[in-house]
Amino acid sequence: MAASEDDDAANGVVLSMFMLVRSRFGGWDFTLLIVFITLLAYIAWRRQRVTRLPDLDAIVSENFVEYMLSEGCKIILFYGTETDTAKGFSKCLARDLRRLGVQCVVQDPMDHDMDNLPRLAEIENSLVVLILATYGQGDPTENAEGLKDWLESATDNACLAGVNYAVFGLGNSIYTHFNAVGRYVDERLGQLGAEQFYERGEGDGNVDIQRDFDNWRDGFLRRVRTVYL
């Protein structure tokens with residue numbers, strides 16, 4: 001993976017500092033040399049953290065928690081989609097997170113065993129983000145049916161204690177069951193003991209779903225900065 005735009009900007013800052021020191025002082029002050037070396041080391045460390053991750057939506061393994069534990073990954077994004085809009089939003093958000101230096105992966109819930117969902121509590125400051133479309137008469141998309149079934153069948157009201165989550169739902173207000181899946185998942189996660197990391201967002205395809213997502217994403221990323229940076 002190529003270096004992020006933030007890394008390029010940081011490289012520019014370091015180069016500017018180098019030129020400024022040379023022009024003003026004509027040589028290296030020891031303290032400034034240490035600062036310069038430290039900045040270079042930080043940039044290399046950030047690049048290493050990001051580039052070792054797989055492609056945004058490459059299937060990591062059926063046991064996503066084991067993968068996250070082994071790779072130091074904090075955030076997993078699941079999407080429910082029929083037209084790839086929710087998947088696109090998930091990848092867009094994941095790119096934002098990686099630019100911030102936060103390790104994350106985007107996954108199709110159909111590829112995973114949701115029995116592992118409670119184990120997210122084993123990872124400090126972990127977060128599951130669910131970007132889910134409502135389809136038909138208030139139904140989940142085909143690839144998110146297993147996720148909804150797992151939530152419906154869970155009987156332990158504390159099984160998700162220690163799990164943090166955020167939900168963005170996609171729908172169209174011309175239909176009666178507008179955003180029914182996103183609303184259900186948000187409510188059900190709370191009933192099972194999970195803690196809402198950021199308020200639920202709702203996108204309306206009858207108005208401007210991209211704007212709705214962008215507004216929610218901006219607030220979500222502000223919250224991420226307070227916790228992860």
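For reference, positions follow the sequence shown, starting with 1. Computed over heavy atoms, backbone and side chain alike; hydrogens, waters and symmetry mates excluded.
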Does one hydrophobic cluster hold both F78 and M110, with members joined at side-chain heavy-atom distances below 4.5 Å?
no

Does any non-hydrogen side-chain atom of R95 lie less than 4.5 Å from one of C92?
yes

Quick one: do V105 and R98 satisfy side-chain contact (heavy atoms from CB on, under 4.5 Å)? Show the steps, please.
CA-CA 9 Å; V105 288; R98 287 191 176 185; 4.3 Å; yes

K74 and Y228, any side-chain heavy atoms less than 4.5 Å apart
yes

Less than 4.5 Å apart, side chain to side chain, heavy atoms only: is that true for L192 and D156?
no

Give a yes or no on whether V129 and V227 share a hydrophobic cluster (residues Ile, Leu, Val, Met, Phe, Trp, Tyr; joining criterion: side-chain heavy atoms under 4.5 Å apart).
yes

Between R211 and D214 (salt bridge meaning N to carboxylate O under 4.0 Å), is one present in this structure?
no

If I take atom CD1 from residue I131 and atom CG from residue L77, how far apart are they, to the nearest 0.5 angstrom?
5.5 Å

Report the residues that fulfil side-chain hydrogen bond (donor to acceptor under 3.5 Å, both in side chains) with T81, sequence neighbours left out, ordered by chain and then residue number.
none

With a 6.0 Å cut-off (strictly less than), is the heavy-atom count around CD of E142, excluding the residue itself, greater than 12?
no

Relative to Y184, does K148 satisfy both conditions: NZ or CZ under 6.0 angstrom from the six-membered ring centre, and within 45 degrees of the ring's axis?
yes

Given side-chain contact (heavy atoms from CB on, under 4.5 Å), test E66 with R119 step by step and report yes or no.
CA-CA 9 Å; E66 289 296 333; R119 291 194 58 205; 2.7 Å; yes

L130, F178: one ILVMFWY side-chain cluster at the under-4.5 Å cut-off?
no

In short, G80 meets A86 closest at the heavy-atom pair O-CB, 3.3 Å

Looking only at side chains, do D186 and Y165 share a donor and an acceptor under 3.5 Å apart?
yes

Nearest-0.5 Å distance that lies between atom CG in N164 and atom CD in Q196
10.5 Å

Closest non-hydrogen contact found for L170 with N179 is N-OD1, 3.1 Å

Could you note down all residue pairs passing side chain to side chain donor-acceptor pair (under 3.5 Å) where residues 124-141 supplies at least one of them, sequence neighbours left out?
T141-N143

Let me check something: do V207 and I174 share a hydrophobic cluster, defined by ILVMFWY side-chain heavy atoms less than 4.5 Å apart, either directly or through other members?
no

Flag if over 12 foreign heavy atoms under 6.0 Å of OH, Y175:
no

Donor-acceptor pair, distance only, cut-off 3.5 Å: does the side chain of D212 make one with the backbone of D204?
yes

Please assess T85 against F213 for the test side-chain contact (heavy atoms from CB on, under 4.5 Å), listing each intermediate value before the final yes or no.
CA-CA 11 Å; T85 303; F213 173 70; over 6 Å; no

Hydrophobic cluster membership, L160 vs M114, 4.5 Å side-chain cutoff:
yes

W150 versus D113: any side-chain heavy-atom pair under 4.5 Å?
no

Measuring only between side-chain heavy atoms, which start at C-beta, is L221 closer than 4.5 Å to L97?
yes

What pairs with R188 under side-chain hydrogen bond (donor to acceptor under 3.5 Å, both in side chains), at least two apart in sequence or on another chain?
Q191

Evaluate F89 against Y79 for side-chain contact (heavy atoms from CB on, under 4.5 Å), listing each step before the verdict.
CA-CA 9 Å; F89 284 174; Y79 59 85; over 6 Å; no

By the definition ring pair (Phe, Tyr, Trp, His ring centres under 6.0 Å), identify the one residue from Y198, W216, F220 that meets it with F168.
W216

Is it true that a side-chain atom of R200 and a backbone atom of G182 form a donor plus acceptor pair closer than 3.5 Å?
no

Between L147 and L132, is there a side-chain heavy-atom distance shorter than 4.5 Å?
yes

